[in-house]
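These notes are about the structure you will find just below.
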Amino acid sequence: MGSAQKYELPFKLNNPKLLHNLSFVHGEWKKSKSGKMFEVVDPGTGKAWTECPTNDASDVDDAVQSSHKCFEGYRKISPRQRAQMLFKWDSLIRENREDIATILVYETGKPRAEAYGEIDYSTGFTWWFAGEAERIQGSVFTPALPDRRVFTIKQPLGVAAALVPWNFPIAMILRKAGAALAAGCTMIVKPSPETPITVLTLAYLADKAGFPKGALNVLTTDLDKTPELSEALSRHDLVKKVSFTGSTRVGKLVAKICSDNLKKVTLELGGNCPVLIFDDANIDQAMGQIFALKYRHAGQACITANRIYVQSGIFEKFLERWNAETKKIVVGHGAEKETTMGPVTTARGIEKALALVEDAKKKGAKVHMGGNKVSKNGGYFFEPTVITGVTADMDIAKEEIFAPVCTFLKFETEEEVVKAANDTSMGLASYCFTKNVDRLWRLFENLEAGMIGLNTGNSSAAESPFGGIKQSGYGKESGKDVAVAEYLITKTGTFTLEEQA
Ligand SMILES: O=CCCC(=O)O
């Protein structure tokens with residue numbers, strides 16, 4: 001593992017060859033031109049356990065040239081061969097599930113069971129996109145003129161760049177790279193500074209799966225150099241597409257930069273997702289689904305429940321059950337067996353959660369439990385927190401919380417709650433629970449979000465189009481046709497037949 005010997009590795013892998021800490025460019029492990037490195041920290045202890053190259057704008061061209069060179073050949077490989085490489089990659093990831101889960105625990109902080117969950121969810125993408133590779137099709141059109149023939153073909157766009165977050169590093173890479181590689185594009189990934197190692201492991205396995213050199217390059221960097229590196233990638237002439245997952249603020253910057261060259265962009269941005277639980281809901285179902293959704297990765301998912309609206313008839317009963325279940329949560333290091341909720345991934349996450357709780361308290365909200373940082377072995381732990389009396393003017397109702405803080409709001413009518421739920425600039429996901437089929441249908445149509453969970457808190461899947469509306473972004477990832485289409489161009493052919501003699 002390169003220069004990382006100066007750190008004590010806090011875990012052992014069955015297959016130590018999986019562990020790499022240098023950037024991966026054209027099949028080689030590379031330092032940055034500056035030689036600078038940054039540390040990767042275990043959020044469960046706050047201790048660094050390895051380091052990675054701090055790449056900057058000067059490192060971009062080499063990686064892009066490699067990806068472009070590779071693209072010239074990769075675009076001509078048959079879709080069946082691309083599918084076979086994706087299948088091989090998929091099976092290598094599954095074979096190394098235990099080790100990848102270990103790395104994930106020490107990068108993100110999530111408990112081991114959740115790390116397995118992420119890997120199983122993520123291999124859905126490699127599996128799915130392997131199937132999609134052979135189903136890329138053009139169309140034949142009926143022309144208005146008798147001697148004319150009109151048809152389209154789909155072709156890969158070229159080199160794509162993926163700017164990815166730290167909360168689901170495996171899922172976010174495989175969702176983007178799976179679609180790109182199936183389409184015949186090559187990809188450069190810039191992982192988040194918190195989670196480069198899992199991404200480098202995936203690149204190592206992609207290489208072993210037979211993808212040609214340059215098909216999947218990875219450039220790591222720290223927080224300071226992230227804007228510079230991301231901009232250089234997004235502006236490079238040979239990069240034809242940028243896929244970004246992260247905050248709305250940064251997503252707007254990426255869109256602006258890409259608009260200079262009219263580059264294609266997919267933006268999967270922030271959420272402020274409402275949950276609506278009606279008096280006639282199956283409470284067991286709503287409890288189970290929303291509890292898992294909210295506390296998954298200590299509340300750090302873009303599609304998590306940010307505002308939980310419960311109708312007045314069941315409000316007290318629902319809250320009582322929620323509090324009782326919340327008390328059972330065991331906060332600890334993700335590698336400990338008894339842990340059911342890990343730390344948040346960054347120290348910044350703790351500061352934000354504390355500020356949001358403080359603002360809510362000042363404006364009259366009641367904290368039923370939690371609200372504080374937990375001091376434990378130097379990790380970034382936060383108490384599972386339950387707050388009621390939340391109102392629309394509180395920051396906690398307006399911003400993405402990204403911490404295990406549950407905010408409950410009481411409502412009376414469907415009309416009132418739909419209005420409140422939609423009163424946000426975001427539109428990623430919404431969830432509703434009711435046994436009234438007509439109402440369920442109305443909610444599906446009236447809630448303003450790209451994904452609506454109807455009596456479910458889990459609508460993420462390889463076969464389902466994933467993406468938001470409003471300021472939660474545009475473009476779809478995963479799902480039939482739409483996800484691969486983000487990496488394709490459509491070319492129209494018009495052909496005139498010679499008149500017969
Ligand atoms: O945090 C965003 C992604 C979560 C998911 O894919 O379900």
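Note that these values count all heavy atoms, side chains included, but never hydrogens, waters or copies made by symmetry. Order of appearance sets the numbers: ligands from 1, and atoms from 1 within every ligand.
For atom 2 (C) of ligand 1, the closest heavy atom belonging to the protein is Cys302 SG, 2.3 Å. The protein atom (non-hydrogen) at minimum distance from atom 5 (C) of ligand 1 is Tyr121 OH, 3.4 Å.
At least one heavy atom of Arg296 lies less than 4.0 angstrom from ligand 1. Contact annotation: Gln300 has no heavy atom less than 4.0 Å from any atom of ligand 1.
Looking at Lys263, its side chain does come within 3.5 Å of a backbone N or O of Ser234 through a donor-acceptor pair. The backbone N or O of Ile396 sits nowhere less than 3.5 Å from a side-chain atom of Arg307 that would complete a donor-acceptor pair.
Among His297, Lys110, Arg296, the single residue meeting the side-chain hydrogen bond (donor to acceptor under 3.5 Å, both in side chains) criterion with Glu118 is Lys110.
With a heavy-atom cut-off of 4.0 Å, Met451 does not touch ligand 1 at all. With a heavy-atom cut-off of 4.0 Å, Ser460 touches ligand 1 through its side chain alone. Counting heavy atoms under 4.0 Å from ligand 1, residue Asn167 touches it through the side chain alone.
Taking the charged nitrogens against the carboxylate oxygens, Lys241 and Glu486 do have a contact shorter than 4.0 Å, which makes a salt bridge. Ion pair Lys480/Glu132 not flagged as a salt bridge, since none of the NZ, NE, NH1 or NH2 atoms sits closer than 4.0 Å to an Asp/Glu carboxylate oxygen. The existence of a salt bridge linking Lys328 and Glu325 is confirmed by a sub-4.0 Å separation between a basic side-chain nitrogen and an acidic carboxylate oxygen. With respect to Lys419 and Asp423, no salt bridge is recorded, no charged nitrogen being found less than 4.0 Å from a carboxylate O.
The atoms of ligand 1 that sit less than 4.0 Å from any heavy atom of Met172 are 3 (C), 6 (O). Residue Ala301 approaches ligand 1 through these ligand atoms, each under 4.0 Å from one of its heavy atoms: 1 (O). Atoms of ligand 1 found under 4.0 Å from any heavy atom of Phe168 (numbered from 1 in listed order, with element): 1 (O). Per-residue contacts place Arg175 under 4.0 angstrom from the following atoms of ligand 1 (heavy atoms of the residue considered): 6 (O).
Taking every heavy atom of both residues into account, Leu447 and Ser430 meet most closely at CD1-CB, 3.9 Å.
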